[in-house]
Structures are given as structure tokens and as C-alpha cells.
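Below: the structure, in C-alpha cells.
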Protein chains: 2
Amino acid sequence: MKSANQRINQVFKAIADPTRREIFHALVVASVAMPITQISEQFDISRQGVTKHIKTLEEAGLINIDTKGRERFCTADPKPLKMVFDWVGFYDKFWDDALNRLDDHLG
Amino acid sequence: MKSANQRINQVFKAIADPTRREIFHALVVASVAMPITQISEQFDISRQGVTKHIKTLEEAGLINIDTKGRERFCTADPKPLKMVFDWVGFYDKFWDDALNRLDDHLG
DNA sequence: ATTAAAAGCAACCAAATAGTTGCATTAATT
DNA sequence: AATTAATGCAACTATTTGGTTGCTTTTAAT
């Protein structure tokens, strides 16, 4: 059970950084595999900076990498976000909290 | 628009830490205002450690604090999680990605 | 009035983070 | 064969982070 928890932590950590969210988003909307250099051209930070972010995203399972020749093609994989979706989904019962808590107490 | 972005970043940062998620969760399920010392008793780290986490959660708007006498009563406020819900909700279209992308291309 | 409880404040620490630069390697291109 | 492009690797830096301890202040209880 420990590794599942680790994975969740990795996902939360990966999406915590705004630049990483941007990289991920760019890959999702591109909906085509992109090599690292091409990705990094869209950002102000250095290629190596982008590479580090990509590594973090890959460790979280949010990016898959397919090496072809000298290039490494990255594709977004949103599946791990389901864990975040489920996590946050638990709390949506409490968004209109006053109402719902009242219901709970009555029910 | 900048402060809205900052707020989103604060929320993502706040939920990135597992201990903070636990503190938040404990407050949600307690569904009653709890002073800091009482919260910190449920965790292995020091009271000041918990205080710092609570500050981060408060800055993200995930905790409200009501000072009464020498105590500071904390309550969870899940509302800001709606931003996370919306963010992640965008990507749920891509969870069964092969299928959906095919649809997009056809549609 | 004394004591005890709740919390804040400040300094400190080790580790992680986000970023950089320089250089080496590998694979295409010409 | 020589060059160029894509990447990796390593070292370094500044800042942030998650945590600690010690002490002070404020408020409640005895």
C-alpha cells in the first residue's frame, strides 16, 4: 500500500508547480508527441530546467516518454489525475457546507 | 487576474504536502472548530510544525480561524478546492484518451 | 496572586526545489 | 568524415520547505 501513497504524493507534487502544470497542459492540448527541445522553446526557462520538470512529471506518470533516435518524444497521460479527482471529489459534499452539514445532522 | 492565479498556486501548494492534506482532512471530518493544540495532538510533529502548516492552509483559504480568548479555532473550508476540481475536470475528457481523441478528430 | 495552558515569534537547521552553466555523448545531416 | 542537433550528466547557487527549540505573551484556572 505504501507505493500507492507515494504515487499520489508524486502526483500532487508534480501539479503543485505552475510551470509543470503549463508544460503538462501544453502537451495535452498539443495531443501529439513532442521532443524536449520543442517543448522547451515554448518556455522562458532553459532546456535543462524543462527537462527537470519533465522528469518530475514522468515520475508522477503524467508524461510518457518514447525515445526515437536522438529525440525523446513526450506525451501527456492524464490518467493519474483521476487520483486527484477522487481526492477532491470527497470534499465536494462540503462545498455548500452549511446546508449539507445540516442535512447530515438531521438525517 | 494576477491575484487569482496566485490564489490557485497557493491552493495547489497547500494540498501538495501529505501532512497538510491530513490536517485538512481531520478538520473536515471533525466538522467542528478545533484549536491548534488539539489538532497538533493528532500528529507526530511539534505544535509549531502544525502551526506552520495551518498558516499555509489558511493562506490558501482552506482553513478559517476564529480567535476566542487564548485559543484559535480552525475550521476547514473546502470551497477553494473547487478550483482544483475545475482544473482537473478539464483533463477528464482525456482519461480514455484514445477514444476521445478519435472522437474529436472525427467530430 | 500564582500557576498553567494556548499560542506567537524568532532563530536555526537540513533537505528539497527551481533554476543555472559547462561539458560530454549520441545520432542525424551534409 | 565533419558538423550540427538533441539530449544527458554533473556541479553549483539561491530560495523555499518542513521541521526543530527556546522564549515571550496572553488568557484562563486555582
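In what follows, every chain begins at residue 1, and chains take the letters A, B, ... in the order their sequences are listed.
By the side chain to side chain contact (heavy atoms under 4.5 Å, CB included) test, A/Ala16 pairs with B/Ala16, sequence neighbours left out. Taking A/Phe85 as the reference, B/Phe85, B/Trp95 meet the ring-ring contact (aromatic ring centres under 6.0 Å, His included) condition, with sequence neighbours excluded.
What separates CZ of B/Phe12 from P of D/dT16 is a distance of 21 Å, to the nearest Å. Protein atom CD1 of A/Ile15 is 18 Å distant from nucleotide atom C1' of C/dA18, rounded to whole Å. When the P atom of D/dA28 is taken as reference, atom CZ of B/Phe73 falls 10 Å away, rounded to whole Å. Whole-Å rounding puts the B/Glu41 CD to C/dA5 C1' distance at 11 Å. Remark: C1' of D/dG18 and CZ of B/Arg21 are 15 Å apart, rounded to the nearest angstrom. Rounded to whole angstrom, the span from the CD atom of B/Glu59 across to the P atom of D/dG18 amounts to 12 Å. Summarising the geometry, the separation between CD1 on B/Ile39 and C1' on C/dA7 is reported as 12 Å, rounded to the nearest angstrom. Distance, B/Ile36 CD1 to D/dT27 P: 15 Å, rounded to whole Å.
Distances shown here put every side-chain N or O of A/Thr37 at or beyond 4.0 Å from the OP1 or OP2 atom of D/dA5. For C/dA16, the OP1/OP2 oxygens have no side-chain nitrogen or oxygen of A/Lys13 closer than 4.0 Å.
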Side-chain donor-acceptor pairs of residues 37-49 of chain A under 3.5 Å, sequence neighbours excluded:
unit_1, atom_1, unit_2, atom_2, d
A/Ser40, OG, A/Thr37, O, 2.8
A/Ser46, OG, A/Gly49, N, 3.1

Side chains of residues 55-70 of chain A: which donor-acceptor pairs under 3.5 Å do they make with residues two or more places apart or in other chains?
unit_1, atom_1, unit_2, atom_2, d
A/Thr56, OG1, A/Lys52, O, 3.2
A/Asn64, ND2, A/Asp77, OD2, 3.4

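Annotation: proximity of residues 43-55 of chain B to DNA chain D (heavy atom, distance under 4.0 Å) is found for B/Ile45, B/Ser46, B/Gln48, B/Gly49, B/Lys52, B/His53, numbered in ascending order. Contacts between residues 64-71 of chain B and DNA chain D, defined by a heavy-atom separation below 4.0 Å, involve B/Gly69, B/Arg70, listed by number.
Counting only residues at least two apart or on different chains, the ring-ring contact (aromatic ring centres under 6.0 Å, His included) pairs with a member in residues 15-35 of chain B are A/Phe90-B/His25, A/Tyr91-B/Phe24, A/Tyr91-B/His25. The side chain to side chain donor-acceptor pair (under 3.5 Å) pairs that include a residue from residues 13-24 of chain A are A/Arg20-A/His53, A/Arg21-B/Asn9, where partners are two or more places apart or lie in different chains.
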Legend entry - A/Ile15/B/Trp87 under side chain to side chain contact (heavy atoms under 4.5 Å, CB included): CA gap, chis, key distance, verdict: CA-CA 10 Å; A/Ile15 65 174; B/Trp87 180 83; 3.7 Å; yes
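Atom CD1 of B/Ile36 sits about 10.5 Å away from atom CZ of B/Phe73, to the nearest 0.5 Å.
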